[in-house]
Amino acid sequence: MRPSPRLPSIDCHRALRAGSLRKTVGAALLALTGAVQVCAQTQPATDSSTTGPIRLRQPLTGGSNNSVSSNMDAALLLQQAAGASTPAGAAPTQPAAQVPYKPSEFELFVQRRAGVVELGEGADALVVRRLGAELLTRADDPDSADYNPQIPPDYLIKSGDEIVVTLWGSVDADVRLVVDRSGRVSIPRVGPVLVAGVRYADLTDVIRRRVGQVFRNFELSVSLGQLRGVRVYVTGFVAHPGAYSVSSLSSVLNALLRAGGPSAAGSMRNVTVQRGRQTVARLDLYDFLLKGDRGADMLVQPEDVIHVGPVGAQVGVIGSVNRPAILEIKPGETVDDALRMAGGFTTVADRSRLAVERLEQRSGERIAELPLPISTRLPLSGGDVLRAFSAVESTLSVQKQNKRVIVEGEVLRPGEYVLPPGSSIGDALRAAGGLSPSAYVFGTQFTRQSVQRTQQENYDRALRDLETDLSRNNATQRTTSTQEVEAQSARAAATSQLITRLRTVKPNGRIVLQVQPENSTLPDMPLEDGDRITIPTRGSTVGVFGSVFNAGSFVWSGPRSIDDYLRQAGGPTRGADRGSVFVIRANGSVVSALQDGGSWFSRSHGMNNIAALPGDTIFVPEEMNKTTFTQSARDWTQILYQLGLGAAAIKVLRD
């Protein structure tokens, strides 16, 4: 047969390899009728070599009997040149604009009942969300595109599918064929093969029989390449309703997720698939969310309509459940069903009761308590909010609790003990075997966890007040010279550093026991859970620290006064605050020179008559408000100068 004349202005191979699509679109459109056939006919059908397997060359057309396939192949090439990523035969899908999630009124109501005061914008700000909200992907998310590499054996080949055929042995071929509208593919030197309606599992046998009519001693492999596109419609209460082009292997769930899933007003349990005028499937997404069951999911067909109905009755489950959520219920579902959907109780939940708030009883008692397990079969209605309680957040009565205490130090059997309710310190000491001969009862350290928490709260409050007062004083203090400004800045820096150090101090929860140094027993004080009793040995030293010349610990040698130990340390330094000396006793009490020191002029002598005890710590603070003689003289000079001016002014006024 005489080949068709080649168009002088078109070189097919060069045009298809060109990088600019604009220059080749016109030539390709002209080539759809004749030029493509010219390119196919100019290529040899078989290898010119006389030895080895026959090589089949894949033309761009399937012959004169496959004009539709030719047009589809040319369109496919143009699609690839333009960088199209949609399935063959499918129209490109424009990404849907992202619509901000708007919670429903019931969702906002449940948030308030869960203790959330304010909400941000979007679904991520919701603490208690609809069941399944985390599964729904955004419509404009490229990761939400549905693609399933596993092709089921029952998949039916239809027009638009691409078949990849590989032959080896007496014939060598690797061709990619697109099923035309007549349901056929054309294999070079074999001819057309009807494949439309053939199961994917039977496709290899169908093509093998057809190729076997021409060749012998060969093997072949058949697979699917690019799948056809399917257009479906997603309607109803979804985030982005509209038409979507999906793969022929996409299921109803894939297409629904492409549309953003049900909106806040859409149902998770009433999704229908309509094919023509028939409803072919009904989906309850809770079967997939709660059980992982996709039995009702099915592959979509062209022109299917996936419809999401309005949301049904909703209830909220909050509190001590594994998954607090807003649930959509069907008629007849009970409290037990709602708890199962919420994942059941947590480990620390109170399983004996629930609280339910019913909107339908707004004129009466809205909140009622449900005893369990009697009320598990109670049916629910729309707007109910179930609350599960925690069994550990509520503090039990101290009188009913067993006491876990730690006794350590100078006892016969130190350790941790569990005592019955109503136990006291004496009971703890008896459980530990009693005191040892070297026990120093006056120095007993008794700490309590509840007292530690209270001390920490009060300490933090005092630090905040101190910081506020210091900031207010620095802001309102008047400065008249550069030196005063520099001094104020230095004081502010020192104050900030002091506050930082004070924040690192943590109270230990110690309770000062009212005992005398000569006592051998402790007061019979009731115990609490977590108490710790530490009984030290009798101390043999007295510590002197602070603004003294020789700070250290000195041996206690009988009844001597505080001033005696101050003299052993060299006495207070020049910058010491002699009137603020204080002593920390071994039992945690504090004795200060400001307590019973007499008049203001005799405070420095207030420690003469106070006896030092073993384990005492004497501290001499530093004078904070120091002034030099020059500063004092300058201040007094200014005062006298102002008095002189005042007296002169008064004299002038009198004259």
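Count residues from 1 along the sequence.
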For the pair [X] (side chain) and [Y] (backbone), establish whether a donor and an acceptor sit closer than 3.5 Å, ignoring hydrogens and angles.
{"X": "Trp556", "Y": "Ala612", "value": "yes"}
{"X": "Arg404", "Y": "Glu416", "value": "no"}
{"X": "Ser496", "Y": "Ala493", "value": "no"}
{"X": "Asp531", "Y": "Arg448", "value": "no"}
{"X": "Arg130", "Y": "Pro103", "value": "no"}
{"X": "Gln111", "Y": "Val128", "value": "yes"}
{"X": "Asp460", "Y": "Glu457", "value": "no"}
{"X": "Asn519", "Y": "Thr521", "value": "no"}
{"X": "Gln455", "Y": "Pro507", "value": "no"}

Interatomic distance, [X] atom [atom1] to [Y] atom [atom2] [nearest 0.5 angstrom]:
{"X": "Leu527", "Y": "Ser423", "atom1": "CG", "atom2": "OG", "result": "6.5 Å"}
{"X": "Ile367", "Y": "Arg387", "atom1": "CD1", "atom2": "CZ", "result": "8.0 Å"}
{"X": "Arg129", "Y": "Arg323", "atom1": "CZ", "atom2": "CZ", "result": "12.5 Å"}
{"X": "Leu502", "Y": "Leu498", "atom1": "CG", "atom2": "CG", "result": "4.5 Å"}
{"X": "Asp427", "Y": "Arg430", "atom1": "CG", "atom2": "CZ", "result": "4.5 Å"}
{"X": "His240", "Y": "Arg258", "atom1": "NE2", "atom2": "CZ", "result": "11.5 Å"}

Discussion item. If you apply the rule side chain to side chain contact (heavy atoms under 4.5 Å, CB included), what do you find for Met341 with Leu290, and how did you get there?
Written reply: CA-CA 7 Å; Met341 296 177 190; Leu290 299 175; 3.7 Å; yes
May I ask you to check whether [X] and [Y] show a side-chain donor-acceptor distance below 3.5 Å?
{"X": "Thr537", "Y": "Glu410", "result": "no"}
{"X": "Thr468", "Y": "Asp465", "result": "no"}
{"X": "Gln568", "Y": "Asp564", "result": "no"}
{"X": "Thr447", "Y": "Asn508", "result": "no"}

State, yes or no, whether a side-chain contact exists between [X] and [Y] at a heavy-atom distance under 4.5 Å.
{"X": "Pro421", "Y": "Asn402", "answer": "yes"}
{"X": "Ile618", "Y": "Val548", "answer": "no"}
{"X": "Leu522", "Y": "Phe446", "answer": "no"}
{"X": "Ser553", "Y": "Phe545", "answer": "yes"}
{"X": "Arg113", "Y": "Ile318", "answer": "yes"}
{"X": "Val515", "Y": "Pro523", "answer": "yes"}
{"X": "Val620", "Y": "Leu566", "answer": "yes"}
{"X": "Val451", "Y": "Glu528", "answer": "no"}

Worksheet item: For the side chain to side chain contact (heavy atoms under 4.5 Å, CB included) test, which of Asn587, Ile535, Ile425, Leu429 pairs with Thr444?
Response: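 Running side chain to side chain contact (heavy atoms under 4.5 Å, CB included) over Asn587, Ile535, Ile425, Leu429 with Thr444 returns exactly one hit, Ile535.
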Nearest non-hydrogen partners of [X] and [Y], listed with the distance:
{"X": "Phe109", "Y": "Leu359", "value": "CZ-CD2, 3.8 Å"}
{"X": "Pro517", "Y": "Leu613", "value": "CG-CD1, 3.6 Å"}
{"X": "Ser320", "Y": "Ala349", "value": "O-CB, 3.4 Å"}
{"X": "Leu386", "Y": "Ala338", "value": "CD1-CB, 4.0 Å"}
{"X": "Val544", "Y": "Tyr565", "value": "CG2-O, 3.8 Å"}
{"X": "Ile533", "Y": "Ala428", "value": "CD1-CB, 4.1 Å"}

Worksheet item: Can you check side chain to side chain contact (heavy atoms under 4.5 Å, CB included) on Leu463 and Glu467, steps first, answer last?
Response: CA-CA 6 Å; Leu463 281 182; Glu467 189 174 8; over 6 Å; no
Discussion item. Is the positively charged end of Arg585 above the ring of Phe442, judged by distance under 6.0 angstrom from the centroid and angle within 45° of the axis?
Written reply: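 Negative - Arg585 is either too far from the ring of Phe442 or too far off its axis.
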Discussion item. Apply side chain to side chain contact (heavy atoms under 4.5 Å, CB included) to residues Val583 and Val590 and explain how you reach the verdict.
Written reply: CA-CA 6 Å; Val583 181; Val590 177; over 6 Å; no
Worksheet item: Would you say Glu518 has more than 12 foreign heavy atoms packed within less than 6.0 Å of its CD?
Response: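 More than 12 heavy atoms, drawn from other residues, nucleotides or ligands, come within 6.0 Å of this atom.
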Discussion item. How about CZ on Arg532, more than 12 heavy atoms from neighbouring residues, nucleotides or ligands closer than 6.0 Å, or not?
Written reply: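 Open.
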Worksheet item: What's the verdict on side chain to side chain contact (heavy atoms under 4.5 Å, CB included) for Leu339 and Leu354, showing C-alpha distance, side-chain angles and the deciding distance?
Response: CA-CA 11 Å; Leu339 290 175; Leu354 281 176; 4.0 Å; yes
